[in-house]
Amino acid sequence: MTKQDLSSTIDNVVIRRRPTTRKSGHISHPDSTGGEAITRDIPCYSLKQGNSISITFEIDDLDAVEDDLVGFGGWFYTSDSEGLDISTLNVGKSRGIRINGGDWHAFGSLELKTYENYFNISNPVFTFTATKDIEIAFYLLDCGIVEHEYMTQALDVKPVLLNNMYTFAPEANFVKHQGKVLMNNEALLSKELKAPLLLKSCNRCARFLPINIPNERHSLSFSNHCIKNAPCVHHGFGVLKDVNTQERLDLHHGFQLECRFCKKFAVNAALNPQRNANQMKEDGARRRGFEVLLQNVFNGSPQLAYRAKNNNKELTSEVWNKFERKCFKCNCALPTMNKMHLDHTRPLALLWQLDETATCLCGSCNSQKRDRSPADFYTVDELAELSRITGIPLHDLQNSPVNVRAVEEIIKRMEWLMMDFCEEQRLNQIRDGKNTAELFLKALQKVFNQTQYGKDYDLIDIYRTYRGFKK
Ligand SMILES: [Zn+2]
Ligand SMILES: [Zn+2]
Ligand SMILES: [Zn+2]
């Protein structure tokens, strides 16, 4: 149908309400680094001046109760900065919309139903009216009761974190019980007009979420990476790779690797100190396991020779002095050595040992950093300074590679790892019905999978074979 054909049918458009056809949800990428992109062509609705499309999110009969999160919304595109008027009904607090022609926009809300407001839910409606001829398109319209472990946990330990969730719609709308999305005027859908949509991966939740190119500053689900320091030349942040065409996409400001939702809950570590006792025990066991494994593996290597020559106290005082006896992150003075917390700089979780490249932090900065990669925790300027002080190449601080040498060394000692190490480290126990050696190997496998060498090894399979659990 051409544009002309369409306009001639507009008078005959039957206003009807029925659920729009919805895809199962977000596309995701199994080993997302945050640097993958996908492009899509989304069919447009052709709106003549005076036409409108109403979207009703039917959530009233979902039986939401107090403490349920109820969300609705999606993304829309408009061809023009002017010519579109959006009115709402029953919407309450919702994400702000600044219309810009040629861009995609996020709209919707996510709110906790409290005692005051849960018993009186009405269906929110967004009406998009054309004040001149325009094209608009929609992506992933959804609504319902939302559930996600981060938010469930937040409700338990820090409910204040949920106060501004409406600004995280629609990317935080992990809908568990789906409501209906009703749209009128679906006959305005053009068979020919398409709006290009660019999606970028999140390295935590692995979902592909919309970004705007070239108007990167109109950020949607990802914050920008370099604002004053643009152009962003950081791999993964400022350069994306289209997973279908392998084409390279150079950005100006770039985007964070994590979506805003993951940044809020997983990266900014709001919830981390609240991890439960069992998780802490498991974290602790894994950390200890990695430490001891690395010590064994690098036995006799230059790294260990350093440690043998310089005992721990010397290492500590060397780092303390190198950082001028101040916390590198917040600059607070650390007048005595025992006020200092040595941080691995490069994460232990990626098999980097504590050595002379450690960072001097205060207790509170150290507990905020935990297992986060340097690029997650430090600003661009701080990374450059940290590279200068520690001698770690800036590239490594920006990208947090796995310690490939450690992986190689572990592979050389596979039999020792399976038969001796897993035995000696008292990893051969059953806890909560799980074999602790297998839990440890599973954590190690995750690291292996990020490397060319390591990903061919199936550690649990090897372990079971060595142990005679299978022939
Ligand atoms: Zn995410
Ligand atoms: Zn950047
Ligand atoms: Zn500090």
Side-chain angles (χ1 to χ4, degrees), residues 25-36 106 140 146 148-151 165 168-174 199-211 216-217 219-240 249-269 319-320 323-335 339-343 345 358-370 372-386 394-395 397-400:
H26 295 277
I27 314 158
S28 65
H29 190 275
D31 0 81
S32 158
T33 64
E36 294 81 21
L140 289 187
V146 168
H148 189 283
E149 55 175 319
Y150 294 154
M151 292 186 278
M165 289 316 299
F168 287 81
E171 65 261 23
N173 288 348
F174 295 86
L199 302 161
K200 181 187 107 67
S201 63
C202 163
N203 79 337
R204 297 265 163 169
C205 65
R207 294 178 302 166
F208 278 93
L209 297 165
I211 55 175
E216 294 170 42
R217 293 287 281 132
S219 59
L220 301 169
S221 308
F222 299 92
S223 302
N224 290 121
H225 191 243
C226 291
I227 295 168
K228 271 187 279 174
N229 296 317
C232 173
V233 292
H234 307 111
H235 180 77
F237 299 87
V239 183
L240 304 178
L249 245 159
D250 290 286
L251 307 176
H252 186 64
H253 293 286
F255 296 101
Q256 297 289 350
L257 301 180
E258 305 81 12
C259 70
R260 289 170 68 238
F261 174 79
C262 290
K263 193 99 188 165
K264 175 180 168 92
F265 288 100
V267 180
N268 289 340
V319 174
W320 185 49
F323 284 85
E324 297 172 342
R325 308 180 177 194
K326 282 187 296 195
C327 169
F328 176 70
K329 181 71 186 174
C330 72
N331 249 326
C332 73
L334 301 166
K339 292 252 185 284
M340 169 175 76
H341 289 243
L342 275 181
D343 172 71
T345 308
T359 307
C360 168
L361 292 175
C362 70
S364 110
C365 290
N366 188 49
S367 74
Q368 280 177 51
K369 180 170 183 285
R370 293 172 66 90
R372 291 159 63 179
S373 69
D376 274 351
F377 186 61
Y378 298 112
T379 66
V380 173
D381 291 346
E382 284 167 351
L383 286 178
E385 175 69 0
L386 190 59
L394 183 57
H395 182 269
L397 292 177
Q398 285 160 345
N399 295 289
S400 288

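Remember, it's 1-based here, ligands and their atoms both numbered in the order they're listed.
In this structure, SG of Cys330 and SG of Cys327 enclose an angle of 110° at the Zn ion (ligand 3), rounded to 10°. When SG of Cys205 and SG of Cys202 are joined through the Zn ion (ligand 1), the resulting angle is 100° to the nearest 10°. The SG atom of Cys226, the Zn ion (ligand 2) and the SG atom of Cys232 define an angle of 120° (nearest 10 degrees). Centred on the Zn ion (ligand 1), the angle running from Cys262 (SG) to Cys259 (SG) is recorded as 100°, rounding to 10°.
A salt bridge is absent between Asp381 and Lys228: the closest approach of a Lys/Arg side-chain nitrogen to an acidic carboxylate oxygen does not fall below 4.0 angstrom.
Side chain of Ser32 to main chain of Cys202: a donor-acceptor pair is present (N/O by atom type, distance under 3.5 Å, no hydrogens or angles). Side-chain atoms of Gln256 never come within 3.5 Å of backbone atoms of His225 as a donor-acceptor pair (strictly under, hydrogens ignored). Formation of a donor-acceptor pair under 3.5 Å by the Arg207 side chain with backbone atoms of Glu171 is found in this model.
Summary: ND1 is the N/O/S atom of His225 found nearest to the Zn ion (ligand 2). As for His234, its N/O/S atom nearest the Zn ion (ligand 2) is the one called ND1.
Residue contact annotation: Cys332 places no N/O/S atom under 2.8 Å from the Zn ion (ligand 3).
Checked against Leu361 for a side-chain contact (heavy atoms from CB on, under 4.5 Å), the options Lys326, Lys369, Met340 give a single hit: Lys369.
Using bins of under 30°, 30° to 60° and over 60° for the plane-to-plane angle, the ring pair His234/Phe237 lands in the perpendicular bin.
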